[in-house]
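Heads up: the structure comes next, in C-alpha cells.
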Amino acid sequence: MEQRTKDDIRQEMRERRREVSDERRRYTGKVIAEHVDGGEIALTRRAWRVSIYLSTKHEISTRHIRHAVWAAGRNVCVPAWSPDEAKYCLCELHPMMRLVTGKHGIREPVEQIHLAPWDADAFILPGLAFDAHGGRLGYGKGIYDGILSKANRAAIKIGICYDWQILSDPLPLEQHDMSVDWVVSDKRIINCKKTRG
C-alpha cells in the first residue's frame with residue numbers, strides 16, 4: 001500500500017477538523033488543559049515561561065492553558081510575526097494585552113516584547129497530525145521550525161490535538177522536522193520519550 005504524503009494527510013485532517021463544532025472544540029480545549037496541567041506533565045510546576053499558540057478558528061482553544069499558566073504566576077509567550085526580521089519570534093503575552101490579527105490570520109500582541117527561543121521552558125504546539133513517537137505534522141508554513149531549532153533542548157514540547165489526529169503509523173517526516181515530548185488529546189496522554197525507547 002502506498003504511503004500517504006504530508007500533503008495528503010494535511011488535506012484529510014483539515015477537512016475533518018472543519019467538521020468539528022465550536023462547542024466540541026471548546027470542550028476539547030478544556031479537557032486538554034486539565035491533562036496538561038495535571039498528572040504526569042504538571043506543566044505549571046515544571047515551567048516558568050510557556051510558549052502557547054493563540055488558536056485560529058478551527059484549532060483547539062488554548063484559553064484554559066493560558067489562564068492556568070497565569071493563575072500559577074507563570075509567564076506566557078506566543079509566536080508573532082516580526083516584519084523587521086521577516087520571521088516568527090516569541091513575544092510576551094500578558095492578560096490585558098491587546099491582540100491583532102497578523103500574518104496567516106494568527107492573533108498576536110499589538111505591542112511586541114521579544115524573547116529568545118531558549119527563554120521558554122515549554123512549548124504548547126498545534127499540529128494537523130501526530131504519531132505516538134512524537135512525530136508532528138504542522139501546517140507547512142515553518143512557523144515553529146526556526147523557533148524550536150533555537151529552543152533549549154530541555155524545554156518540554158507538547159503537541160495538542162483531537163484523538164483522531166494521532167495516527168497509528170509513523171508520519172512521513174524529514175530530518176529537520178522537530179518531534180514533541182508529549183502528545184495530549186481529549187482522550188489520552190502519550191509520553192513520546194518512553195514510546196521512542
Work out which heavy atom in [X] is nearest to a heavy atom in [Y]; give both atom names and the distance.
X: Pro109; Y: Met97; value: CB-SD, 4.0 Å
X: Gln165; Y: Gly127; value: NE2-O, 3.3 Å
X: Pro79; Y: Tyr144; value: CG-OH, 3.3 Å
X: Pro126; Y: Arg136; value: O-NE, 2.7 Å
X: Trp81; Y: Glu108; value: N-OE1, 3.1 Å

Between [atom1] on residue [X] and [atom2] on residue [Y], distance to nearest 0.5 Å:
X: Lys150; Y: Asp119; atom1: NZ; atom2: CG; value: 13.5 Å
X: Asp145; Y: Asp177; atom1: CG; atom2: CG; value: 7.0 Å
X: Gln11; Y: Asp7; atom1: CD; atom2: CG; value: 8.5 Å
X: Cys192; Y: Asp131; atom1: SG; atom2: CG; value: 7.5 Å
X: Asn75; Y: Leu115; atom1: CG; atom2: CG; value: 8.5 Å
X: Ile124; Y: Ile65; atom1: CD1; atom2: CD1; value: 4.5 Å

(request) Please step through side-chain contact (heavy atoms from CB on, under 4.5 Å) for the pair Ile41 and His35, ending with a clear verdict. (result) CA-CA 8 Å; Ile41 300 178; His35 289 336; 6.0 Å; no

Backbone N/O of [Y] and side chain of [X]: donor-acceptor pair under 3.5 Å:
X: Asp37; Y: Thr44; answer: yes
X: Arg107; Y: Ser55; answer: yes
X: Asp163; Y: Ser185; answer: no
X: Glu92; Y: Ile113; answer: no
X: Arg4; Y: Pro172; answer: no
X: Thr62; Y: Tyr53; answer: yes
X: Arg188; Y: Val183; answer: no
X: Arg18; Y: His58; answer: no

Cationic N near anionic O, under 4.0 Å, [X] to [Y]:
X: Asp121; Y: Arg46; answer: no
X: Arg16; Y: Glu12; answer: no
X: Lys194; Y: Glu40; answer: yes
X: Arg25; Y: Asp186; answer: no

Compare all side-chain heavy atoms of [X] with those of [Y] and state whether any distance is below 4.5 angstrom.
X: Leu90; Y: Phe123; value: yes
X: Leu93; Y: Trp70; value: yes
X: Lys157; Y: Leu125; value: yes
X: Tyr162; Y: Ile32; value: no
X: Ile166; Y: Cys161; value: yes
X: Ile9; Y: Leu167; value: yes
X: Leu99; Y: Val110; value: no
X: Leu137; Y: Arg10; value: yes

(request) Please name all residues satisfying ring pair (Phe, Tyr, Trp, His ring centres under 6.0 Å) with His114, sequence neighbours left out, ordered by chain then number. (result) none

(message) Are more than 12 heavy atoms, taken from residues, nucleotides or ligands other than Glu34, located less than 6.0 Å from that residue's CD atom?
(response) yes

(request) Indicate the ring-plane relationship of His104 and Tyr88, choosing parallel, tilted or perpendicular according to the 30° and 60° boundaries. (result) parallel

(request) Please step through side-chain contact (heavy atoms from CB on, under 4.5 Å) for the pair Trp182 and Ile190, ending with a clear verdict. (result) CA-CA 6 Å; Trp182 300 85; Ile190 302 172; over 6 Å; no

(message) Please determine whether residues Trp164 and Phe130 belong to a single hydrophobic cluster, defined as Ile, Leu, Val, Met, Phe, Trp and Tyr linked transitively by side-chain heavy-atom distances below 4.5 Å.
(response) yes

(message) Is there a continuous path of hydrophobic side-chain contacts, each under 4.5 Å between heavy atoms, that joins Val31 to Ile158?
(response) no

(message) Quick one about Glu59 and Tyr139 (side-chain donor to acceptor, distance below 3.5 Å, no hydrogens or angles considered), yes or no?
(response) yes

(request) Let me see the working for Arg49 and Cys77 under side-chain contact (heavy atoms from CB on, under 4.5 Å), right down to the final yes or no. (result) CA-CA 7 Å; Arg49 180 175 284 120; Cys77 57; 4.0 Å; yes

(message) Walk me through whether Ile106 and Thr101 qualify under side-chain contact (heavy atoms from CB on, under 4.5 Å).
(response) CA-CA 6 Å; Ile106 297 169; Thr101 301; over 6 Å; no

